[in-house]
Number of protein chains: 2
Amino acid sequence: MKESGSPTLEQVAALAGVSRATVSRVVNRSPKVLPDTVAAVERAIGQLGYVPNRAARALVTRRTDSVALVVPEPDSRVFSDPFFAGMLRGVSRTLAPTSSQLVLLIEPAEGDDQRLLRYLRGGHVDGAIIISHHWRDNVLQELAQLPLPIVFSARPLGVDVPVASVDVDNVAGARTAVEYLLSLGRRKIGTIAGPLDMTAGLDRLTGYKEVVSEAGLTEAVAYGDFTADGGEAAAQQLFDQHPDLDGLFVASDLMATAALRVLSQRGRRVPQDVAVVGFDDSVMATTTTPKLTTIRQPLEKLGARLAEIVLAKIGGAELTSPEIYDTELIIRDSA
Amino acid sequence: MKESGSPTLEQVAALAGVSRATVSRVVNRSPKVLPDTVAAVERAIGQLGYVPNRAARALVTRRTDSVALVVPEPDSRVFSDPFFAGMLRGVSRTLAPTSSQLVLLIEPAEGDDQRLLRYLRGGHVDGAIIISHHWRDNVLQELAQLPLPIVFSARPLGVDVPVASVDVDNVAGARTAVEYLLSLGRRKIGTIAGPLDMTAGLDRLTGYKEVVSEAGLTEAVAYGDFTADGGEAAAQQLFDQHPDLDGLFVASDLMATAALRVLSQRGRRVPQDVAVVGFDDSVMATTTTPKLTTIRQPLEKLGARLAEIVLAKIGGAELTSPEIYDTELIIRDSA
DNA sequence: TTGTACGCGTTATCAG
DNA sequence: CTGATAACGCGTACAA
């Protein structure tokens, strides 16, 4: 008469007057069970409030019904990043209808890579989504080579094996931004780039350079680190060196807000004197004065694809190439 | 000679020349094992790269070594909320050194409560942290009564059983904000409150009302919904009805940025004409012009406590009362 | 201190 | 279509 804990398959079987095996079949929707039997079992299940024991199931099936969302960077910015939030939403929406759970794996401190790798190797999850922005010695490479379905949230820098990844076309996005400034008649266009150890930093700078060069203009580049302070320093430096800029493409909205402040301090009007375009279309883009014209990324869709891809790979699909999505120019008041 | 998959206790035992039980003891740090034996076993473990099988372990110990982070609201705003990000960081930092994993549980669509409850009841996690802001019919109450260690991220509205919770003193925080405006010589102070189905909305309004009433001033309240648009509408309405306000306390930074824009449109200077204080100290507080004076919440600490509390409860501690933390006034340029 | 043996709840393989 | 029964990998009384 042990009825502590949740009811087991055994108890359901007893109540329904069938064997454990049959109950298992019903639970797993095996097609070859008589409708009457199914009904009886389901009644018993409902009556007892039976829920399959995940551990027991995992033990035998060798599947855990869970996928990891890995953030292999102690960098706390990742979380405050609207990028992460948007992705997360897409991922969780897609995973929800599935039986799969989302396990959050974060590198708590610099250099604790091994912890993550060991966990992933330990068969605790069926697959993993890696959200990594920075180049990280060889951690990314090790992750990419794990014997586990894996997908990256961006083309991982420094990984030389083919991997599945989902990303936005950063080069094209930057091109759109700069071309738009061009279409506005701006001819002295500068950029505040992100760090070059991140695809987002690298590719957006490339896009800028391409367009500027194609238009026969001269480059004006300063580097920020995707933070407000870094953006501010970069903006100061850029306008010290190039006081006559009339167009500015900033590689992230956060840095763009800093640039806006710097311009205001220097008495330069936006967009009249300097037209500014950001990147991300995060909340901040609408909380500044003037509101930011920016490049939007379909974050939720990216997240959804990320989830779909791991799921597919877990299901046996072979996917080892990047998927690239388009960005969209959102015109507001700053350009 | 089956060596597919990860190595098992059995294999480690064979290699180390001991029994499975002994290896198990070493793995679980049992004190009564000879140092020599320990060394031999550890060598074998290292050699094979053995990692305990979580499922097998969970099956027998009836512990899953994982705690759920539950967001029982389909409200997508939760993720973009810096509040969530900060908390998450604290939680994950605290959980990291533990063997516990963080499982993210999100209500994908309105009314899918049962899914969450079933999962939590299914013994899939050892405990749960509930991040809920809104009053939700009786879901919160059901969550609170689950036979599982649980802690809420804020005093859950409409729950009439004692529960463990961690929160900031919203009333005191709002009081600080309004008293600061008072100290600046402002006497016509209005507020943009949050929705009253959220503790944050309710308590911050209470704090405002207390101070205004104690100072013998008259109230001027408009309600927003913690979004930029809602904040804008509320600000418009507030200044339509009370054009002479010289002080404004806004229940969230996001809404405050909207208020700033409205004031700028109306040609009222901040802080000269109207001093504005926000709440949260989110990134946006520093991306506006002028930068926002606001009330900071120790988010990471709150998250850490949340994690510590579930862990303690899982360990058998009886904790069913709220913990309240102080806020801090961050003075910038808007007041 | 170490080894033996059993049970945890499921799925899967065979018979029937 | 259904029922025994053997794994799955591990922890732990109990025995040695």
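Convention: sequence-line order gives letters A, B, ...; per-chain numbering from 1.
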- Item | Between C1' of D:dC8 and CD of B:Glu10, the distance in whole Å | 12 Å

- Query: Between the main-chain N or O of B:Thr64 and the side-chain N or O of B:Asp126, is there a donor-acceptor pair closer than 3.5 Å?
  - Reply: yes

- With heavy atoms under 4.0 Å as the rule, sort B:Ser24 into base, sugar-phosphate or nothing. base

- Message: Any side-chain to backbone donor/acceptor pair from B:Gln101 onto A:Leu105? Under 3.5 Å, distance only.
- Response: no

- Query: NA contact type, A:Val33, heavy-atom cut-off 4.0 Å: base, sugar-phosphate, or nothing?
  - Reply: sugar-phosphate

- Query: Any idea which of C:dT4, C:dT10, D:dG3 is nearest the A:Ala56 side chain?
  - Reply: C:dT10

- Query: Rounded to the Å, how far apart are A:Leu59 CG and C:dG7 P?
  - Reply: 17 Å

- Note on the structure: With the side chain defined as heavy atoms from C-beta on, A:Asn28 is closest, among D:dG9, C:dT11, C:dC14, to C:dT11

- Are any of A:Thr22's side-chain N or O atoms less than 4.0 Å away from OP1 or OP2 of D:dG3? yes

- Of the candidates C:dG9, C:dT4, C:dC14, the side chain of A:Arg25 sits closest to C:dC14

- Tell me what A:Val27 touches on the nucleic acid: a base, only sugar-phosphate, or nothing, going by heavy atoms under 4.0 Å. nothing

- Which nucleotide, C:dT2, C:dC8, C:dT10, lies nearest any side-chain atom of A:Arg57? C:dT10

- So, does the side chain of B:Arg63 form a donor-acceptor pair with the base of D:dG11 at under 3.5 Å? no

- Message: What I want to check is whether an N or O donor and acceptor connect the side chain of A:Arg62 with the base of D:dG9 at under 3.5 Å.
- Response: no

- Using a 4.0 Å heavy-atom cut-off across all strands, classify A:Leu9 as base, sugar-phosphate, or nothing. base

- Task: Could you pick out which residue, A:Arg20 or B:Val51, lies toward the 5' side of DNA chain D when each is mapped onto its nearest nucleotide?
- Result: A:Arg20

- Message: Strictly distance-based, threshold 3.5 Å: is any side-chain N or O of A:Arg54 a donor or acceptor partner for the main-chain N or O of A:Asp65?
- Response: yes

- Note on the structure: When rounded to the nearest 0.5 Å, the distance separating CZ of A:Arg93 from NZ of A:Lys301 is 15.5 Å

- Interatomic distance where CZ belongs to A:Arg29 and P belongs to C:dT11 [whole Å]: 12 Å

- Item | Proximity to the side chain of A:Thr8 - top-ranked nucleotide from D:dA4, D:dG11, C:dT10 | C:dT10

- Roughly, in whole Å, what's the span from CD1 in B:Ile45 to C1' in D:dC10? 13 Å

- Passes side-chain contact (heavy atoms from CB on, under 4.5 Å), B:Gln297 versus B:Phe83? Steps please. CA-CA 9 Å; B:Gln297 317 187 52; B:Phe83 185 84; 3.7 Å; yes

- Query: For the side chain of A:Thr61, counting heavy atoms from C-beta on, which of D:dG9, D:dG3, C:dT11 is nearest?
  - Reply: C:dT11

- Note on the structure: Rounded to whole Å, CG of B:Leu48 lies from C1' of D:dG9 at a distance of 15 Å

